[in-house]
There are 2 protein chains.
Amino acid sequence: MSANHSNRLSASEIDKSSPLPYHYQLREILRAEIVAERWRRGDQLPSEHQLCDMFQVSRTTVREALDALVNEGLLTREKGLGTFVADPKFMETWTGSAIGFSDSITQQGYLIETKVLELDIKPAPLRIRQELNLQAHEDIVYLKRLRYILKQPILIVTSYMPARLFPGMTEIDFTVNSLYQTFRREYNIPVTRVKRSIEAIAADEDIAAQLDLPLGFPIMFIENTAYTDGGTPIEYYNAWRRGDKSRFQFEYSQPHPSGER
Amino acid sequence: MSANHSNRLSASEIDKSSPLPYHYQLREILRAEIVAERWRRGDQLPSEHQLCDMFQVSRTTVREALDALVNEGLLTREKGLGTFVADPKFMETWTGSAIGFSDSITQQGYLIETKVLELDIKPAPLRIRQELNLQAHEDIVYLKRLRYILKQPILIVTSYMPARLFPGMTEIDFTVNSLYQTFRREYNIPVTRVKRSIEAIAADEDIAAQLDLPLGFPIMFIENTAYTDGGTPIEYYNAWRRGDKSRFQFEYSQPHPSGER
DNA sequence: CGAACCATCTTGTCATGACAGGGTGACATC
DNA sequence: GATGTCACCCTGTCATGACAAGATGGTTCG
C-alpha cells in the first residue's frame with residue numbers, strides 16, 4: 001500500500017564473536033532503524049528469508065528477534081503479506097520530563113540532599129546480569145543512595161551499572177551529582193529509554209529502619225532499567241519511596257481512535 | 001526448596017486433529033492450571049522435556065507456549081533451575097492498546113467479577129466539577145464498584161461522569177459491562193487520552209473493611225481523568241487497589257535527552 | 001571437615017528442514 | 001472487461017538435533 005523503504009541497513013552487522021546472542025543483536029539493529037525513523041510507520045521489513053541472508057543467521061534467530069519487537073508493539077506481522085513497522089505508541093506522548101519525584105520536588109523549589117551509602121565495584125548477580133545483558137564475571141558499579149527532602153529521608157535507591165561503560169565512576173561525588181546527568185556529561189551516554197514497574201508494598205524491617213518509618217508503612221517499590229541509543233541497557237535500579245510523599249503522574253493517549261477488541 | 005506440586009494435569013490433552021495450533025492449546029492448558037490455582041505461586045512446572053513427553057510435542061512448541069505465558073507475566077524462567085508460576089500480579093501494562101483496567105486483566109486470562117455498590121445521579125462536588133470542566137449545578141453520574149479477581153476483592157473504583165453526556169446510564173448493568181466499552185459502544189464516545197497519578201497509601205478503616213484487609217495494608221491509590229477527542233473530559237475516577245496484587249508497568253522513550261533524577 | 005570436582009539436571013541459543021495456509025498479481029479463459 | 005486459476009511470495013507451525021551455560025548435589029581428595 002504505502003511506499004516501500006530502501007531495504008538498506010546502516011552498515012550494521014551481527015558480531016558472531018560477541019557473547020551477546022544473535023537474536024538480541026539483530027533485535028537492537030532493527031530497533032535502531034525504527035527509532036531513528038529510517039523505517040517509518042507502515043514500512044515493510046525485508047522478509048524473514050531476506051533477513052536470514054542479510055545477517056547470515058537462521059530463521060529461528062530472525063523470528064526470535066522479530067517476536068520480541070512485535071511483542072513490544074514496534075512491529076506487526078501479517079500472514080501472507082509481511083512484517084511492518086507498527087503505529088507509534090503512547091511513549092512519545094508521555095508528558096514532560098518530570099517523570100519522577102525528585103524533579104517535581106526541585107521544580108517546587110525544595111532541596112534534595114543525598115547521602116551515598118555505598119559506591120564500589122562488585123561482581124554482578126545473575127538477575128542483574130540478565131537485566132543489563134552482561135557476560136559472566138563482568139563487574140558492575142554498585143551505588144546505594146539515601147535521599148532527603150527537608151531533612152527527611154524519602155527514598156532509597158540501589159543502582160547497578162556495567163563497570164566497563166563507566167570507568168572511574170567510583171571517584172565521583174554523588175552527593176552533589178545526579179546520576180543521569182553524570183552519564184550524559186562525563187561519559188556522553190544519554191538515557192533515551194526506560195522500562196519501569198511500580199508496586200505498593202509494606203516496609204520491611206530493613207527499609208523501615210533506613211527511612212525512619214514504622215514497620216509496614218506503605219512504600220512505593222520501583223524497578224527500572226535505563227537504555228541508551230541502540231537499546232544498550234546501562235543502568236538497573238530498585239527504589240523504595242515513602243508512599244505518602246511520592247506520586248507518579250503521567251498521561252497516555254491513543255494515536256488514533258482504533259477502538260478494536 | 002518449596003514443596004512441589006503434583007505434576008499431574010487435569011486430563012487435558014492436545015487435540016492433534018484440531019485446527020488450533022499445538023502451542024496455543026498447550027498455552028491455554030497451562031494457563032488454566034494457573035488461574036484455577038491448581039498450580040500456585042512459586043510452584044515449579046514440569047521441565048520442558050517433560051512437557052514434550054507429556055503432550056507429545058516438540059520442544060519448539062513447548063517453548064512457544066511458555067514464551068507467551070512468561071511474556072504475560074504468569075510464569076518466570078530461571079536458567080539452570082526451571083520454570084515457575086510467577087507471583088500473581090494483576091499487571092497493568094501500558095505498552096499495548098488496553099487503556100482500562102478490565103482490558104489488561106482479561107488479557108491475562110483472569111475473570112473479573114464486579115459488584116455495583118452505587119449508581120445514581122448527584123450534584124457534582126467542586127473538586128469533580130473542576131476536573132471535568134463542569135458548570136455549577138451540573139449533575140454527574142456516580143458509579144461505585146467493587147471488583148473481584150479469583151473471588152478476592154482487589155479494587156474499589158468510584159467514577160464520576162457528566163450526566164449531560166451519558167443519558168440513561170443509570171439503567172446499564174455494570175456487573176457485566178465495562179465502563180470504557182460502554183462509552184464507546186452505547187454513546188460513541190471513545191476514550192483517547194488519560195491522565196493518571198499513582199500513590200502508595202495505607203488502608204484506612206473504610207477501605208480495609210471493603211477490601212477485606214487489615215488496617216494499614218499497602219494500597220495503590222489512583223486518580224484518573226479520561227478524555228475523548230478534542231480534549232473533553234468525560235470521566236474522573238478514584239481507585240484503591242490491593243498493593244500486593246497490582247503492578248504498573250510501562251516504557252518511556254525520550255526523543256530529546258533531558259533525563260533528570 | 002572443608003574444598004574441589006563432576007555428573008546431571010535445568011533453560012538458553014541456534015541451525016536445518018519441512019509443510020500449511022493466507023495474499024497477490026500475472027495469466028488464461030469466458 | 002470480468003472472472004477464475006495458479007505460481008509464488010509471505011508468515012505460521014512444528015520436528016529434530018545440537019551445544020552452551022547456570023544450578024545442584026553427591027563424591028572425591030586434600
Side-chain angles (χ1 to χ4, degrees), chain A residues 1-2 4 7 14-28 30 42-71 75-86 123-138, chain B residues 1-2 4 7 14-28 30 42-71 75-86:
Chain A
M1 182 172 282
S2 68
N4 212 337
N7 262 7
I14 287 180
D15 177 3
K16 297 244 174 181
S17 70
S18 162
L20 295 173
Y22 302 167
H23 65 82
Y24 173 83
Q25 293 185 52
L26 178 54
R27 189 219 306 166
E28 296 310 324
L30 298 177
D43 279 355
Q44 181 168 14
L45 265 67
S47 79
E48 296 177 358
H49 273 297
Q50 283 170 7
L51 288 172
C52 292
D53 290 344
M54 291 163 70
F55 292 96
Q56 290 300 301
V57 291
S58 75
R59 197 168 156 228
T60 312
T61 304
V62 167
R63 279 188 70 82
E64 207 167 348
L66 294 178
D67 278 345
L69 293 171
V70 167
N71 220 296
L75 298 177
T76 59
R77 283 206 259 233
E78 283 173 63
K79 194 201 289 203
L81 278 179
T83 307
F84 303 85
V85 178
L126 178 63
R127 169 97 180 77
I128 308 296
R129 281 222 306 282
Q130 288 178 340
E131 206 62 48
L132 294 180
N133 255 310
L134 301 181
Q135 45 187 115
H137 312 305
E138 245 197 288
Chain B
M1 8 215 78
S2 72
N4 212 338
N7 262 7
I14 287 180
D15 178 3
K16 298 244 176 179
S17 70
S18 162
L20 295 173
Y22 301 167
H23 66 82
Y24 174 84
Q25 293 185 52
L26 178 54
R27 189 219 304 168
E28 295 310 320
L30 298 177
D43 280 354
Q44 180 169 15
L45 265 69
S47 79
E48 296 177 356
H49 273 298
Q50 283 170 9
L51 288 171
C52 292
D53 290 345
M54 291 163 69
F55 292 96
Q56 291 298 302
V57 292
S58 76
R59 200 169 154 226
T60 312
T61 304
V62 168
R63 280 188 70 83
E64 206 167 348
L66 293 179
D67 278 345
L69 294 172
V70 167
N71 221 297
L75 298 178
T76 60
R77 282 206 259 233
E78 285 174 59
K79 190 195 309 198
L81 279 179
T83 307
F84 304 85
V85 176

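Just so it is clear: chains get the letters A, B, ... in the order the sequence lines come, proteins before strands, and each one is counted from 1. Everything numeric in this text was worked out from a predicted model, so none of it was measured.
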Trainee: Not counting sequence neighbours, which residues clear salt bridge (Lys or Arg N to Asp or Glu O under 4.0 Å) with R77(B)? List them please.
Mentor: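 For R77(B) the salt bridge (Lys or Arg N to Asp or Glu O under 4.0 Å) partners, ignoring immediate neighbours, are E48(B), D67(B).
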Trainee: Return the nearest nucleotide to the side chain of L126(A); candidates are dA23(D), dT16(C), dG21(C).
Mentor: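 That would be dA23(D).
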Trainee: Please state how far atom CD1 in I14(B) lies from atom P in dT13(D), giving the value in whole angstrom units.
Mentor: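 Rounded to the whole Å, the gap is 13 Å.
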Trainee: Report the distance from atom CD of E64(B) to atom P of dT11(D), rounded to the nearest whole Å.
Mentor: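 Between P of dT11(D) and CD of E64(B): 15 Å.
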Trainee: Please pick, from dA18(D), dA18(C), dA23(D), the nucleotide with the shortest atom-to-atom distance to any side-chain atom of R59(B).
Mentor: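 Taking heavy atoms from C-beta onward, the closest nucleotide is dA18(D).
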Trainee: Take Q56(A) and G82(B), find for each the nucleotide of DNA chain C with the closest heavy atom, and name the residue whose nucleotide sits nearer the 5' end.
Mentor: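 Between the two, 5'-proximity favours G82(B).
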Trainee: Output the rounded distance in Å from NZ (K79(A)) to P (dG22(C)).
Mentor: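 In whole Å, dG22(C) P and K79(A) NZ are 6 Å from each other.
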Trainee: Is the phosphate of dT10(C), meaning OP1 or OP2, less than 4.0 Å from a side-chain N or O of Q50(B)?
Mentor: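 Looking at the OP1 and OP2 atoms of dT10(C), one of them is under 4.0 Å from a side-chain N or O of Q50(B).
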Trainee: Measure the distance from CD on E48(B) to C1' on dG17(D) and round it to the nearest whole Å.
Mentor: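 Distance check: E48(B) CD to dG17(D) C1' gives 15 Å.
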Trainee: Supply the atom-to-atom distance L20(A) CG to N133(A) CG, rounded to the nearest 0.5 angstrom.
Mentor: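 Spacing of CG (L20(A)) from CG (N133(A)) equals 5.5 Å.
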Trainee: For dA15(D), does either OP1 or OP2 sit under 4.0 Å from a side-chain N or O belonging to T61(B)?
Mentor: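 So the side chain of T61(B) is within the cut-off, an N or O lying under 4.0 Å from OP1 or OP2 of dA15(D).
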Trainee: Answer yes or no: does a side-chain N or O of R63(A) lie under 4.0 Å from OP1 or OP2 of dT11(D)?
Mentor: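 Result: no.
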Trainee: Quick one: L81(A) CG to dC8(D) P, roughly how many Å, whole number?
Mentor: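 Between P of dC8(D) and CG of L81(A): 19 Å.
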Trainee: From CD of Q135(A) over to P of dA21(D), roughly how many Å is that when rounded to an integer?
Mentor: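 Rounded to whole Å, this separation is 11 Å.
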Trainee: Between dA20(C) atom C1' and K16(B) atom NZ, what is the distance in whole Å?
Mentor: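 From K16(B) NZ to dA20(C) C1': 16 Å.
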Trainee: Out of curiosity, L26(B) CG to L51(B) CG, how far, rounded to the nearest 0.5 Å?
Mentor: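 Those atoms lie 6.5 Å apart.
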Trainee: Which whole-number value in Å describes the distance from F55(B) CZ to dA15(D) C1'?
Mentor: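 Checked: the CZ to C1' distance equals 18 Å.
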Trainee: Toward the 5' end of DNA chain D, which comes first, G80(A) or V57(B), by nearest nucleotide?
Mentor: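 Its nucleotide being nearer the 5' end, the pick is G80(A).
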Trainee: With a 4.0 Å cutoff (strictly under), does any side-chain N or O of T60(A) reach OP1 or OP2 of dC14(C)?
Mentor: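 Checking T60(A) against dC14(C): no side-chain N or O falls below 4.0 Å of OP1 or OP2.
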Trainee: From the options dG12(C), dA15(D), dG21(C), select the nucleotide whose nearest atom is closest to the side chain of R77(B).
Mentor: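 Selected nucleotide (nearest to the side chain): dG12(C).
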Trainee: Taking salt bridge (Lys or Arg N to Asp or Glu O under 4.0 Å) as the test, write out the residues that go with E78(A), two or more places apart.
Mentor: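 Listed in chain order: nothing, the list is empty.
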Trainee: Check for a donor-acceptor pair, side chain of E64(A) on one end and backbone N or O of Y22(A) on the other, with a separation under 3.5 Å.
Mentor: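 It does not hold such a pair.
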Trainee: Check whether K16(B) reaches the backbone of Q56(B) with its side chain - one donor and one acceptor, N or O, closer than 3.5 Å.
Mentor: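 Between the backbone of Q56(B) and the side chain of K16(B) there is a qualifying donor-acceptor contact (under 3.5 Å).
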Trainee: At their closest point, which heavy atom of A68(A) faces which heavy atom of R27(A), and how far apart are they?
Mentor: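 Smallest interatomic distance, heavy atoms only, reads CB-NE, 3.9 Å.
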Trainee: Hey, does the side chain of S47(B) come within less than 4.0 Å of dT10(C)'s phosphate (OP1/OP2), counting only N and O?
Mentor: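 Result: yes.
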Trainee: Strictly below 4.0 Å, heavy-atom distances to any atom of DNA chain C: list the hits from residues 19-26 of chain B, or just say none.
Mentor: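 When residues 19-26 of chain B is checked for heavy atoms under 4.0 Å from DNA chain C, there are no hits whatsoever.
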Trainee: Can you tell if the side chain of L45(A) reaches within under 4.5 Å of the side chain of L66(A), non-hydrogen atoms only?
Mentor: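 Sidechains of L66(A) and L45(A): in contact.
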